[in-house]
Amino acid sequence: MKKVLALALCLMMVGTLASGCGKETTENKGNADNIGITEAPTQEGEVTPDVTEGAKKVEIDTSKTIKIGVLVSDATTPEALAFRSYYTDYIQKQYNVEFVYSDELKDAAGEKSAIDTLVTNNCKAIISFSSFDRPAQIEQCAGAKVYYAVATGTLTQEQYDKYKDNEYYVGAIGPSLEDEYQTGYDMAKRYIDLGNTNYAIFGGAIPYFTDMHIYRAAGMLTAMVEAGGADANYLGATTKEAIVQQIYADSGIQTGNIGSLSIVAYVGGYDMNDAWFAQCAQMAQTKDLQVILAVGNGSDFFGAAIKGADVKIASVDAYASSYGDAMNAGMLDYLAGKFSASIGPVFAAVYSTVNGYPIRTDEGYALALSQGYWIAASSDEFQKYYAVDSSKESPAYTKSALDILVGSDYKTFSDFVSKYSFDEVVQLSK
Amino acid sequence: MKKNRMNIIKRLIGISIIPLGTLWIMLAFCSVRGVILFESEGNYIAFFRAAAAVMLTTFALSINLNSGRFDFSIGSISLLSSVVSATVCMKLGLPVGVMLILSLILGAVLGAVSGIIYVFIQLPPIIVSLGVALLFEGAAFAFTKGYGVSFVTNIELISFPGILNYSLVILIGLVAIIFLFEYTQFGYEYKTLLSGQKVAVNIGIKEKTNAILCYIISGGLMGVVGFITATNTGNIQIALNFGSIGVMFTAFLPMFIGGFIGRFCNEKIGYLLGAVTTAFISLTYARLNVSSSVQQIVTAIILVIFLIYLNNENKLKQLFMFDRKVYADKEQK
């Protein structure tokens, strides 16, 4: 009798193990060809902003509250606050998730310590806005079996190649360096086309070798080289690659002529000391200056200094009310801004992955998707974008829009992310 | 009579050698690079602004530091007072003068809070001031929901920067501080406590009241520093996790310089001249577009050299006097 009972128990255990293994296989594959994947349910009368015809998605169990850690190296800029507001004031209310934010991180050691804290706090995934040492973050998360994703940024190609098949690396969604370059290029081109010749550049974090700021500045300089005439060059560099290299080598930008155009002044860094404020004022009051091209926030630092002068300021940042005021008062002329809901898709990817349905490329690699800026060149445009971006009830990416992504296939996901212009996003969320 | 005249000359040299020497060196650096140090009105404004802000910060830091109270919270007081005063003035459409007075009062109130916490908790001032710094930074964050304050479009509130206004701030600040510490009962008690706390307490001086008053004055001064910084750009960015502490470090070099000059005149005038010296250096950095890393290295080297000099002054004097004695002996022979 005992033998029969033992045999029966063994069979039950084997059966249980086998069924468990089977379930694991189907869950972890998570692409459209898997068993258990169904067509997206469509109820009569429900708005389903399906971006891909024939898109497939799975239904996932979202009954458990999931803790997601968020690493931030900036907790006080308008951009950072808008992102945080979107997650905590909107996403957290719509989905069964709890966001646990780190303190404002200052270095790679801080990132490591923060990840330890978040893992101890039972976070199942970490979304990172902090970029001091991304490879170390990925490896630490993978070691702790916690999913990791990059928001509003990308890995370098070398880093991506190394970690793309790591199952705990979900991916990165944000402006690629190519997008950053194009943003700077378009900004400078606009003022060149308007006939301006004398420029000052605010280099933001270029002295700290921040890639996105270097690429934005490189875009500005390339546009000037292209428009400056036959022999125009920047310290001998004429191509994008050479200009990027030159900025890295100098950790700044040199003033001087680029053919028929001139860089009459430059300030970099965020020292915020007396010398730095004096440099900023000096730059804004440079004789014959027409345009200040800022790789980051321009109006807050130079707005007061240009009062009474016919100088235009162009910035890259986010849609914050203070920029609306500055634009209305004529202190800010142009804004390339990230919209706060742009971090919605990376949440959807993480949420889907934590629930057992990772969204990977057809080759099974992590996501590496690019998403650019909304450009406001007038106060009216700014107000139109700001109204959507600042809404806590109906932001740019609503739950119904993000639901398309949760449990979706790669094509659906990438198509969705690629349609990021204001009109496309509004259309998706309708 | 001759000795008296020599004393006056010695004092004048002692008072002026550091600021004038620094100015001469800075002018030399600029002329080598073909740059004029004071070329435009903007350069003068930058110089006077730096001198005013650094002088007030040095006063604020030294008031408590001279009594052995290291106060890390002064930067956060400047942040929170300016955040609140700017917000109130923006919302109510008040003029910039009101913002200045409001900043001063709020700074004094926050200083009082800091002082009362120190007196009642009775923990080492470094620990208390770190806690207070976090508290005030957090309060500024909560008050603005993290966004800080931007009044760059408010022409009235950004109208303060100007040579005359900054000069008045320097003059009034200096006179007020000298009056408070040299000609009031509080000042006498403060000095008595400095020279020996136990004896001072035994003769009836209330050291806790004096400490709280020091914090109030220090806070008021930092309120004005916050006002100067905020009205310069029309923008106040929030600092968290001790991000506001950096402000106090701008005061160390002028404080040491002021301490040296203070041997030849009133110490507070020494602090002013220390602030003027650092303002010359700051303006030169700006005029020559010196990168921040180079600035930090140069400032650190100046500070270290100055401290080495102060710590070895007696040895240098002995060496100098010995040489003179040997020279005099040779002359006699």
Side-chain angles (χ1 to χ4, degrees), chain A residues 74-78 80-82 84-85 103-106 110 207-208 250-252 254-255 265-287 297 299-308 313 320-332, chain B residues 39-43 45-47 49-51 53-54 137 140-141 144-155 157-161 229 231-243 246-247 249-250 275 278-279 281-293 295-296 299:
Chain A
D74 164 17
T76 57
T77 62
L81 289 159
R84 187 170 186 148
S85 173
D103 283 338
E104 196 173 63
L105 303 170
K106 310 272 187 212
Y208 321 132
D250 296 339
S251 68
Q254 307 290 321
T255 54
Y266 166 77
V267 171
Y270 294 103
D271 298 346
M272 308 273 181
N273 57 20
D274 291 322
W276 186 82
F277 282 123
Q279 276 179 302
C280 289
Q282 191 173 280
M283 180 170 109
Q285 289 157 5
T286 305
K287 201 177 165 216
N297 177 355
S299 58
D300 278 352
F301 298 135
F302 303 100
I306 63 158
K307 68 174 186 243
I313 298 177
S321 64
S322 60
Y323 296 141
D325 295 340
M327 222 159 198
N328 206 29
M331 282 177 172
L332 179 64
Chain B
E39 190 176 32
S40 65
E41 192 193 359
N43 301 146
I45 291 173
F47 169 76
R49 181 181 58 242
V54 174
E137 283 178 359
F141 185 92
T144 63
K145 293 179 181 162
Y147 285 90
V149 185
S150 179
F151 51 98
V152 71
T153 54
N154 189 320
I155 301 299
L157 294 184
I158 59 168
S159 66
F160 189 79
T229 311
T231 51
N232 176 34
T233 56
N235 177 44
I236 307 168
Q237 300 222 326
I238 297 301
L240 285 174
N241 298 332
F242 304 121
V247 173
F249 294 107
T250 60
T278 52
I281 297 171
S282 292
L283 184 62
T284 308
Y285 288 150
R287 296 294 291 140
L288 300 180
N289 273 323
V290 178
S291 69
S292 65
S293 52
Q295 284 180 31
Q296 284 175 12
T299 306

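The sequence lines fix the lettering, A, B, ..., with proteins before strands; numbering per chain opens at 1. Heavy-atom basis, side chains included; hydrogens, waters and symmetry copies ignored.
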State the [atom1]-[atom2] distance between [X] and [Y], to the nearest 0.5 angstrom.
X        : Y        : atom1 : atom2 : result
B:Asn289 : A:Tyr266 : CG    : OH    : 9.5 Å
B:Ile238 : A:Glu104 : CD1   : CD    : 11.0 Å
B:Gln295 : A:Trp276 : CD    : CH2   : 11.5 Å
A:Leu81  : B:Lys145 : CG    : NZ    : 11.5 Å
B:Ser150 : A:Met331 : OG    : CE    : 9.0 Å
A:Thr76  : B:Tyr147 : OG1   : OH    : 11.5 Å

Chain B contact via [X] - which portion, at a heavy-atom distance below 4.5 Å:
X        : answer
A:Asp271 : side chain
A:Met272 : side chain
A:Ala75  : both
A:Asn328 : neither
A:Asn297 : side chain
A:Ser251 : neither

Considering only heavy atoms, which portion of [X] lies under 4.5 Å from any heavy atom of chain A: side chain, backbone, both, or neither?
X        : answer
B:Asn154 : neither
B:Gln296 : neither
B:Arg287 : both
B:Ser292 : both
B:Phe141 : side chain

Kindly give the heavy-atom pair with the smallest separation between A:Ala275 and B:Ser282, and that separation in Å.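 Reported closest heavy-atom pair: CB-O, 3.5 Å.
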Locate the shortest heavy-atom distance separating B:Thr153 from A:Asp325; write the atom from each residue and the value.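 Heavy atoms of B:Thr153 and A:Asp325 come nearest at CG2-O, 3.5 Å.
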Looking only at atom types and distance, does a side-chain atom of A:Lys106 sit under 3.5 Å from a main-chain N or O of B:Asn241, one as donor and one as acceptor?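 Answer holds: no.
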Donor-acceptor pair, A:Gln282 side chain versus B:Ala286 backbone, under 3.5 Å?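 It does hold such a pair.
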Apply the test side chain to side chain contact (heavy atoms under 4.5 Å, CB included) to residues B:Thr250 and A:Asn273: give CA-CA distance (whole Å), side-chain angles for both, the deciding distance (0.1 Å), then the verdict. CA-CA 8 Å; B:Thr250 60; A:Asn273 57 20; 5.6 Å; no
Sort out for me which of B:Asn235, B:Val290, B:Ile281 touches chain A most, counting heavy-atom pairs under 4.5 Å.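 The residue among B:Asn235, B:Val290, B:Ile281 with the greatest pair count is B:Asn235.
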